[in-house]
Student: 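The structure is given below, and queries will be raised subsequently.
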There are 2 protein chains.
Amino acid sequence: MALDERKKVILQAVVEDYINTAEPVGSRSISKKSDLNLSAATIRNEMGDLEEMGLLTQPHTSAGRVPSTLGYRLYVDNLMQKYEITASEVEKLQDAVELKMKELDKIVRAVASTFSNITGLPVIGVLPTAETGLVNNIKVVAVDPGAIMVIISDKSGIIKNKLLRLKTETSEEYIKHLNEILNENLSGLTLSGINLNNIMKVQTAVGENPEILTSVLELVHEAVSEIDTKQIFVEGLSNIFSFPEYNNIEKVKEIFSAMENKENLTQLISAMPNNGTIKVMIGDEVPVEELKTNSVILAPYRVSDKLCGVIGVVGPARMDYSKIISVLEYFTNQLSDVLGDKFGKRNEPISALLESGSEGEE
Amino acid sequence: MALDERKKVILQAVVEDYINTAEPVGSRSISKKSDLNLSAATIRNEMGDLEEMGLLTQPHTSAGRVPSTLGYRLYVDNLMQKYEITASEVEKLQDAVELKMKELDKIVRAVASTFSNITGLPVIGVLPTAETGLVNNIKVVAVDPGAIMVIISDKSGIIKNKLLRLKTETSEEYIKHLNEILNENLSGLTLSGINLNNIMKVQTAVGENPEILTSVLELVHEAVSEIDTKQIFVEGLSNIFSFPEYNNIEKVKEIFSAMENKENLTQLISAMPNNGTIKVMIGDEVPVEELKTNSVILAPYRVSDKLCGVIGVVGPARMDYSKIISVLEYFTNQLSDVLGDKFGKRNEPISALLESGSEGEE
DNA sequence: TGTTAGCACTCAAAGAAACAGAGTGCTAAA
DNA sequence: TTTAGCACTCTGTTTCTTTGAGTGCTAACA
């Protein structure tokens, strides 16, 4: 059976009506709402065809039709209109970015939170990670008599720091010494490169006060492993309360427990293609068992060549794909721009003075 | 009417049965379970009396009895037995503390999370805050050519740091200069002390590069205000799903929205007495409208003389007061000990070398 | 006087039956 | 090819009935 123009129009109408109402769509309402000027009976016939083609399904014999995964897929790939971002949405994004100009992590979270707000959906995100955490520079600073801070900067521009509380005071010279030895031995190494071998080397080089050294090395290790560990977060999960799909306690419990499980989130994220495009997973295309009645849309963002992350939404398969995809695209593009400006192109001899920003601490 | 010994035993039995089963307690089950050897009819009479005294209520005429707020209160104040902490609970706490020996914030959160785990209840907590954030020392460090870090230490021992990304490089001398000026002008000031006046003074003292200075001052301000702002967190809220009280979507929505509201949390926390004791709020004693069917138990912990925080639980009025109070007491005591050792007594000339720890960053 | 057995009564929760309404598929006519 | 009409199906809601746990009261008993 061919999918002629009229069938497409009807399919689109069904999908959009269902997205709005969450109720199975009957022939009569399509007949009235669409401008095809066809009677309910005709629509009925067409809908029968669409069902036969696997694009629509009936929850039960005498109910209206609901899009199938395939139906949504066709809609997303071919039928839907591009949603135009509104001024107010742009403004909200701007506010989120402006307000938190200070920290990389916080900008991403603020943008994610705003996105969750605009779409009314739970958002899942991954903070910027480097592909390989190469130690660039290690700095040990005496903060006050009882504490030193270890600051590790990574080749891709991430900076992490750790505080070390001491019970005895250390001398300026010792710290200077420590700085030199650490940089000599660890610069340019990856996480896996910082192994027992190197540590032994550093330890013999420093000689005295091995306890402080051990702690410092531990912190360096921790920092580097944080740099190339994907940190996944979920924002606005309680947004699902607003969907009739989740007006039942069992469903709510299910999605909460599913989203609290790190493994599930990792699995979702790992479904991202690495060609920089948006990934739309509809219904049973979602690779997590407990989420197969939902859809997931993910988009990548980039900070610099080496740093990237992901933002996306999770929600009922009946979601406003058009709007969400447009807004998500816009948000991740903007995010890439803003972050890229601030963190990516630091070596350019721009005359402008500075941009303030802090990230990745603790 | 007098509350004789037998009535007390019966009240206790009712409360404990209700805590376990969540079902209104009938006279027959008390007659069987308690070792009073009385018939259901006798118990019935006594329960009638207890109801008259306002200690028990009936959900409806032909149901069993349920403790009233007053009944719980009497139970908590006079009747309940002290719960003995189990070895496994001690062990879990130890694990939580050991595992995260590095950071003040994280230890508190880890303990809170473990506590939530053991009690099966949502936990509410406040990170350590100082009563007045007096600036002790400001350190500006060049991390790499494009970034400087500002580290602010507070008189009470909290250390915060902020990263500042630059587009131009700065000289070592400028940074040294900055360090001196900042400490000269801002040491010993409180948040409110860092006002336009001081800032102007610093600005004229530095002279060149006012943009960097402005940013640095902004960061200092931010850091100090973070130090004396109460940071409230909630852990394990989805634990409420395991209570029959919350097997209904409306209730779940209600508690989620109530607990997402910062104002409510602040209101709860502000109900803490400042004499260092545990606060138990039962049912309508809870000062938040949406939580009046629940109970809240809060306990303070101290890091040093000036630093303190709060940990507690929120859950159905039918909660295991005995266990929760004992465990909470134990946890906060341990927390105070551990943190006090690490962060409070740093000036003692202890021969031991060091303890590692980091906190308050970002 | 305190305790207990017995009984009538109450009420919520669960199940069964009746009903309304939205939607379908099919047939026959336009 | 489209449409009107009609019988049929199925869900959700309402109403009624039944069941069972629990009470309060009364009268008898120790």
Side-chain angles (χ1 to χ4, degrees), chain A residues 1-7 9-11 13-15 17-18 20-53 55-68 71 244-245 247-249, chain B residues 1-11 13-15 17-18 20-68 71 244-245 247-249:
Chain A
M1 197 178 314
L3 187 73
D4 57 27
E5 200 51 40
R6 197 168 74 179
K7 284 197 173 57
V9 173
I10 291 171
L11 175 60
V14 171
V15 173
D17 199 60
Y18 186 63
N20 286 327
T21 64
E23 296 292 332
V25 184
S27 53
R28 220 173 103 78
S29 75
I30 296 293
S31 158
K32 274 196 278 185
K33 286 181 199 169
S34 85
D35 38 8
L36 284 168
N37 280 326
L38 292 173
S39 77
T42 310
I43 304 283
R44 211 138 59 222
N45 291 331
E46 295 285 39
M47 282 165 82
D49 292 351
L50 287 167
E51 178 161 7
E52 214 173 298
M53 295 162 81
L55 298 169
L56 296 178
T57 54
Q58 275 181 301
H60 57 86
T61 330
S62 66
R65 301 306 207 292
V66 163
S68 66
E245 280 86 345
N247 63 0
N248 137 6
I249 192 76
Chain B
M1 198 178 311
L3 188 72
D4 58 27
E5 200 51 39
R6 198 170 71 178
K7 284 196 172 59
K8 283 188 191 169
V9 173
I10 291 172
L11 176 59
V14 171
V15 172
D17 199 61
Y18 186 63
N20 286 326
T21 63
E23 296 292 334
V25 184
S27 54
R28 219 171 103 80
S29 75
I30 295 295
S31 159
K32 273 195 281 186
K33 283 181 201 170
S34 86
D35 36 9
L36 285 168
N37 280 324
L38 293 173
S39 76
T42 311
I43 305 283
R44 212 140 55 224
N45 290 331
E46 295 286 39
M47 282 166 81
D49 292 351
L50 287 168
E51 179 161 7
E52 215 173 298
M53 296 162 80
L55 299 168
L56 296 179
T57 54
Q58 274 182 301
H60 55 86
T61 329
S62 66
R65 301 304 206 294
V66 163
S68 66
E245 280 86 345
N247 63 0
N248 137 6
I249 191 78

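Naming: A, B, ... by sequence-line order, numbering from 1 per chain.
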Student: Any donor-acceptor pair under 3.5 Å between the side chain of B/Arg65 and the base of D/dG24?
Tutor: no
Student: Other residues, nucleotides and ligands only: do more than 12 of their heavy atoms fall within 6.0 Å of CG on B/Asp4?
Tutor: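 For B/Asp4, atom CG is crowded (more than 12 foreign heavy atoms under 6.0 Å).
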Student: Rounded to whole angstrom units, what separation is found between the CD1 atom of B/Ile43 and the P atom of D/dA21?
Tutor: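 In whole Å, D/dA21 P lies 19 Å from B/Ile43 CD1.
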Student: Given side chains that start at C-beta, do those of A/Leu50 and A/Arg65 come closer than 4.5 Å, heavy atoms only?
Tutor: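 A side-chain contact is absent here, since even the closest heavy-atom pair is not under 4.5 Å.
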Student: Within this structure, what is the CZ-OG distance for the pair A/Arg44 and A/Ser39, rounded to the nearest 0.5 Å?
Tutor: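 Result: 7.5 Å between the selected atoms.
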Student: Nearest whole angstrom, please: distance from the C1' of C/dG23 to the CE of A/Met47.
Tutor: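 So the CE-C1' distance, A/Met47 to C/dG23, works out to 9 Å.
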Student: Between C/dA12 atom P and B/Gln58 atom CD, what is the distance in whole Å?
Tutor: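 Roughly 11 Å, once rounded to whole Å.
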Student: Roughly, in whole Å, what's the span from CZ in A/Arg44 to C1' in D/dA7?
Tutor: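 Interatomic distance, CZ of A/Arg44 to C1' of D/dA7: 12 Å.
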Student: Considering only side-chain heavy atoms of B/Leu38, which listed nucleotide, C/dT3, C/dG25, D/dT3, is closest?
Tutor: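 For B/Leu38, the side-chain atoms sit closest to C/dT3.
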Student: Which listed nucleotide (C/dT24, C/dT4, D/dT2) is nearest to the side chain of A/Ser27?
Tutor: C/dT24
Student: Using side-chain contact (heavy atoms from CB on, under 4.5 Å) as the criterion, point out the one residue from A/Ile10, A/Leu11, A/Val66, A/Asp49 that pairs with A/Leu56.
Tutor: A/Leu11
Student: Rounded to whole Å, how long is the line connecting atom CD of B/Glu23 with atom P of C/dA12?
Tutor: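 Going from B/Glu23 (CD) to C/dA12 (P), I get 15 Å.
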Student: Report which part of the nucleic acid B/Thr61 touches: base, sugar-phosphate, or nothing (heavy-atom distance under 4.0 Å, all strands).
Tutor: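 Sugar-phosphate contact only - B/Thr61 comes under 4.0 Å of backbone atoms but never of a base.
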Student: If you pin B/Ala40 and B/Pro59 to their nearest nucleotides in DNA chain C, which one's is more 5'?
Tutor: B/Ala40
Student: Report the distance from atom CZ of A/Arg28 to atom P of D/dG5, rounded to the nearest whole Å.
Tutor: 13 Å
Student: Distance check, rounded to the nearest 0.5 Å: B/Ile30 atom CD1 versus B/Asp17 atom CG?
Tutor: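 These two atoms lie 5.0 Å from each other.
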Student: Using atom CG of A/Leu36 as one end and atom P of D/dT1 as the other, report the distance to the nearest whole Å.
Tutor: 16 Å
Student: Looking at the side chain of B/Ser39, which of C/dA5, D/dA21, D/dT11 is the nearest nucleotide?
Tutor: C/dA5
Student: Can you tell which of D/dT23, C/dA5, C/dC11 lies closest to the side chain of B/Ser62?
Tutor: C/dC11
Student: Rounded to the Å, how far apart are B/Asn45 CG and D/dT23 P?
Tutor: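 Value for this atom pair: 11 Å.
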